[in-house]
**Student:** 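Here's a structure for you.
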Amino acid sequence: MNNTYDCLVIGCGLAGAVISRELAETQGKKVLIIEKRSHIGGNTYDFLNEDGILVHKYGPHIFHSGSKRVFDYISRFTQWRDYSHEVLADIHGTLMPVPFNLNSLYMAFDSEKASRLEKKLVATYGTDKRLTISQLRDQTDSELVELADFVYNNVFLHYTEKQWGVTPDHIDPSVIARVPILISRDNRYFQDKYQGIPSNGYTSLFEKLLKHPNIDLQLDTDANMVLKMIGNDILFNEKPFKGTVVYTGALDEFFDCRFGRLPYRTLDFLFETHDMTWYQSKGTINYTVDKPFTRITEFKHLTGQNIQGKTTTMKEYPREYTGNEGEIPYYAILNDENFELYRKYKKLTEGCSDFHLLGRLAEYKYYNMDAIIECALKLADHMIGVEKGKD
Ligand SMILES: Cc1cc2nc3c(=O)[nH]c(=O)nc-3n(C[C@H](O)[C@H](O)[C@H](O)COP(=O)(O)OP(=O)(O)OC[C@H]3O[C@@H](n4cnc5c(N)ncnc54)[C@H](O)[C@@H]3O)c2cc1C
């Protein structure tokens, strides 16, 4: 079996599936994907629940990108439902668009004050601009500073505390500095040129992406049980493997967490189906000043499914990732200490020239879907360059 494949790809999320397709199609390699879950798609996986409602098992996924290359590439495998995500923040019962914009301004303040603030914002920054609360805080005008504080306290602070499990003094100032305010009436959550939801869902997209005679898939298999790195050599099923390995799983786990676990935040998801056609007015509502969960998403807004009298929502409860059975590491906690630990693991792989780390887990980073597709395409470009160099 070891000699049957040119490449082993660990993990069948976007990183693993895109690089597999590229290796198989562009480079004619025989690829085996090993996936520990019982399904394809990684965290983008969606399925029909018992009420026939299409839900995203690991949290709501909305495709958005500014990259034509990425959009054209992934559009080979799906048609799109034209969907622009809108998010509201529930601030003591008032639902305001986020990112905070001019429409939110008129909900947060009385119309006279909102109009005064709008004029000051436009005079200072112009229209259709995106600024950050730290830019506003630097202003000498006390009302603009007050606006920055309003957004910080009501949209950002409590949500971030829940998401990351930190107290305000532990929030990195650079994160605070990036909290956006839009001087526009555009209520879309993302402003990218390309946005949408795969018409038949992500799992269907993956089925097409993986449909290639050079790709084999093995589900329900933890690669760490069959793949080992001994010095600079790879053993697969206890025999030397000389081909390419692309690893998209968690790097600390590949090395049995020998230097300690890389810290992550995980999420508990609560799915609820309600006997009503609509539960809320927009796809996602963020709970930014109260409630133990961060947000509620109603899937039918995203998918456009026309089902009367039933709808499914999901609440997200963030908490610390402990590595216990069944937990999924979702968000890397990015700080110098953790990155240093990551580097120690990465160093162990550096003598193995055809072993590649790709994806949010293997690179210990947060990637949006478009960014990970782009990374996979770039890795494929790089591999083609290396192959050509051998000729
Ligand atoms: C709650 C949430 C919401 C998100 N929403 C959006 C959004 O709206 N828009 C957007 O662009 N991005 C979104 N993202 C980001 C998106 O999920 C990632 O960009 C994408 O999942 C990255 O793909 P990946 O292949 O790197 O990782 P994953 O999707 O996690 O895939 C990795 C795969 O590797 C498998 N694996 C791991 N270890 C092993 C092993 N030892 N053996 C075998 N298999 C293994 C895993 O089971 C998994 O299937 C969201 C992320 C989260 C957490």
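Residue indices begin at 1 and follow the sequence shown. All ligand and atom numbering here is 1-based and tracks the order in the structure.
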**Student:** Would you say L14 has any N or O atom under 3.5 Å from an N or O of ligand 1, going by distance alone?
**Tutor:**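 Between L14 and ligand 1 (N or O atoms, distance only) the closest approach is under 3.5 Å.
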**Student:** I want to confirm something. Looking only at heavy atoms, which of H61, H56, M314 is nearest to atom 4 (C) of ligand 1?
**Tutor:** H61
**Student:** Hey, are Y247 and N224 close enough side-chain-wise for a donor-acceptor pair under 3.5 Å?
**Tutor:** yes
**Student:** Nearest non-hydrogen contact with atom 49 (O) of ligand 1 belongs to which option: E35, R37, R360?
**Tutor:** E35
**Student:** Contact between Y331 and ligand 1, counting heavy atoms under 4.0 Å?
**Tutor:** yes
**Student:** Which option, P329, P60, G359, owns the non-hydrogen atom nearest atom 5 (N) of ligand 1?
**Tutor:** P60
**Student:** Within the 4.0 Å heavy-atom shell around A223, which atoms of ligand 1 are there?
**Tutor:**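 Contacts of ligand 1 toward A223, numbered from 1: 40 (C), 41 (N), 42 (N), 43 (C).
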**Student:** Please could you name the atoms of ligand 1 that G249 approaches to less than 4.0 Å, counting only its heavy atoms?
**Tutor:** 37 (C), 38 (N)
**Student:** Hey, does the Lys NZ or Arg CZ of K208 hover above the aromatic six-ring of F77, less than 6.0 Å from the centre and inside 45° of the axis?
**Tutor:**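 No; the conditions do not both hold, so K208 does not lie above the ring face of F77.
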**Student:** Look at atom 9 (N) of ligand 1 and say which protein heavy atom is nearest, naming residue and atom and giving the distance to 0.1 Å.
**Tutor:** I62 O, 2.8 Å
**Student:** Can an N or O of Y367 be found at a distance shorter than 3.5 Å from an N or O of ligand 1?
**Tutor:**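 There is such a contact, yes.
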**Student:** Is a salt bridge present between D149 and R137, judged by a nitrogen-to-oxygen distance below 4.0 Å?
**Tutor:**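 Looking at D149 and R137, the cut-off is met.
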**Student:** Would you say the side chains of N154 and T288 form a donor-acceptor pair under 3.5 Å?
**Tutor:**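 The answer is no; no qualifying pair exists.
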**Student:** Just which atoms of ligand 1 are under 4.0 Å from any heavy atom in G11?
**Tutor:**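 Those qualifying, in numeric order: 33 (C), 34 (O), 35 (C), 44 (N).
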**Student:** Do any heavy atoms of Y45 fall under 4.0 Å from ligand 1?
**Tutor:**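 Flag not set, Y45 not near ligand 1.
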**Student:** Going by heavy-atom distance to atom 29 (O) of ligand 1, choose the closest among T248, T44, N43.
**Tutor:** N43
**Student:** Return the set of residues passing side chain to side chain contact (heavy atoms under 4.5 Å, CB included) with D370 (not counting sequence neighbours), or none when no residue passes.
**Tutor:** F63, S65, V70, N368
**Student:** Can you tell if the side chain of L136 reaches within under 4.5 Å of the side chain of L147, non-hydrogen atoms only?
**Tutor:** yes
**Student:** Could you check whether H274 and T313, counting side-chain N and O atoms only, form a donor-acceptor pair closer than 3.5 Å?
**Tutor:** yes
**Student:** Counting non-hydrogen protein atoms only, what is the nearest one to atom 44 (N) of ligand 1? Give residue, atom name and distance.
**Tutor:**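 Looking only at protein heavy atoms, the one closest to atom 44 (N) of ligand 1 is K36 N, 3.1 Å.
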**Student:** Just jot down the ligand 1 atoms closer than 4.0 angstrom to any heavy atom of Y366, in number order.
**Tutor:**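 Matching atoms, with element in brackets: 12 (N), 13 (C), 14 (N), 15 (C), 50 (C), 51 (C).
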**Student:** Decide whether a cation-pi geometry holds between K344 and F259; the criteria are a distance under 6.0 Å from NZ or CZ to the six-membered ring centre and an angle within 45° of the ring axis.
**Tutor:**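 Yes, a cation-pi geometry holds between K344 and F259.
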**Student:** What are the atoms of ligand 1, with element, lying closer than 4.0 Å to any heavy atom of L267?
**Tutor:**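 Every atom of ligand 1 under 4.0 Å from some heavy atom of L267: 1 (C).
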**Student:** To the nearest 0.5 Å, what is the distance between CG (L131) and CG (L121)?
**Tutor:** 6.5 Å
**Student:** Distance under 4.0 Å to a non-hydrogen atom of G13: what atoms of ligand 1 satisfy this?
**Tutor:**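 Counting atoms of ligand 1 from 1, those under 4.0 Å from G13 are 25 (O), 29 (O), 31 (O), 33 (C).
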**Student:** In terms of residue, atom name and distance, what is the protein heavy atom nearest to atom 25 (O) of ligand 1?
**Tutor:** A15 N, 3.0 Å
**Student:** At under 4.0 Å between heavy atoms, is it the side chain or the backbone of T221 that contacts ligand 1, or both, or neither?
**Tutor:**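 Just the backbone.
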**Student:** Considering distance alone, does some N or O of I10 sit under 3.5 Å from an N or O of ligand 1?
**Tutor:** no
**Student:** For atom 11 (O) of ligand 1, find the nearest protein heavy atom and state the residue, atom name and distance (0.1 Å precision).
**Tutor:**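 Ranked first by proximity to atom 11 (O) of ligand 1 is M369 N, 2.7 Å.
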**Student:** Do Y58 and H56 meet the criterion of a side-chain donor-acceptor pair at a distance under 3.5 Å?
**Tutor:** no
**Student:** Judged by non-hydrogen atoms, does F254 sit under 4.0 Å from ligand 1?
**Tutor:**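 So F254 does not count as touching ligand 1.
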**Student:** Starting from atom 53 (C) of ligand 1, which protein heavy atom do you reach first, and at what distance in Å?
**Tutor:**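 Here the nearest protein heavy atom works out to Y330 CD2, 3.4 Å.
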**Student:** Hey, which atoms in ligand 1 end up nearer than 4.0 Å to a heavy atom of I34?
**Tutor:** 43 (C), 44 (N)
**Student:** Given 3.5 Å as the limit, does a donor-acceptor pair link the side chain of Q305 with the main chain of G52, or not?
**Tutor:** yes
**Student:** Is there any N or O on F269 that sits under 3.5 Å from an N or O of ligand 1?
**Tutor:**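 For ligand 1, there is no N or O atom that lies under 3.5 Å from one belonging to F269.
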**Student:** May I ask you to check whether Y5 and D216 show a side-chain donor-acceptor distance below 3.5 Å?
**Tutor:** yes
**Student:** Regarding D268 and R319, does a basic nitrogen lie under 4.0 Å from an acidic carboxylate oxygen?
**Tutor:**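 Yes.
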**Student:** Compute whether any side-chain donor of one residue and acceptor of the other, for R188 and N101, lie under 3.5 angstrom apart.
**Tutor:**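 There is no such pair (donor and acceptor under 3.5 Å, judged by atom type) between the side chains of R188 and N101.
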**Student:** Nearest non-hydrogen contact with atom 41 (N) of ligand 1 belongs to which option: L251, T284, D222?
**Tutor:** D222
**Student:** Indicate yes or no: does E340 engage R343 in a salt bridge with an N to O separation below 4.0 Å.
**Tutor:** yes
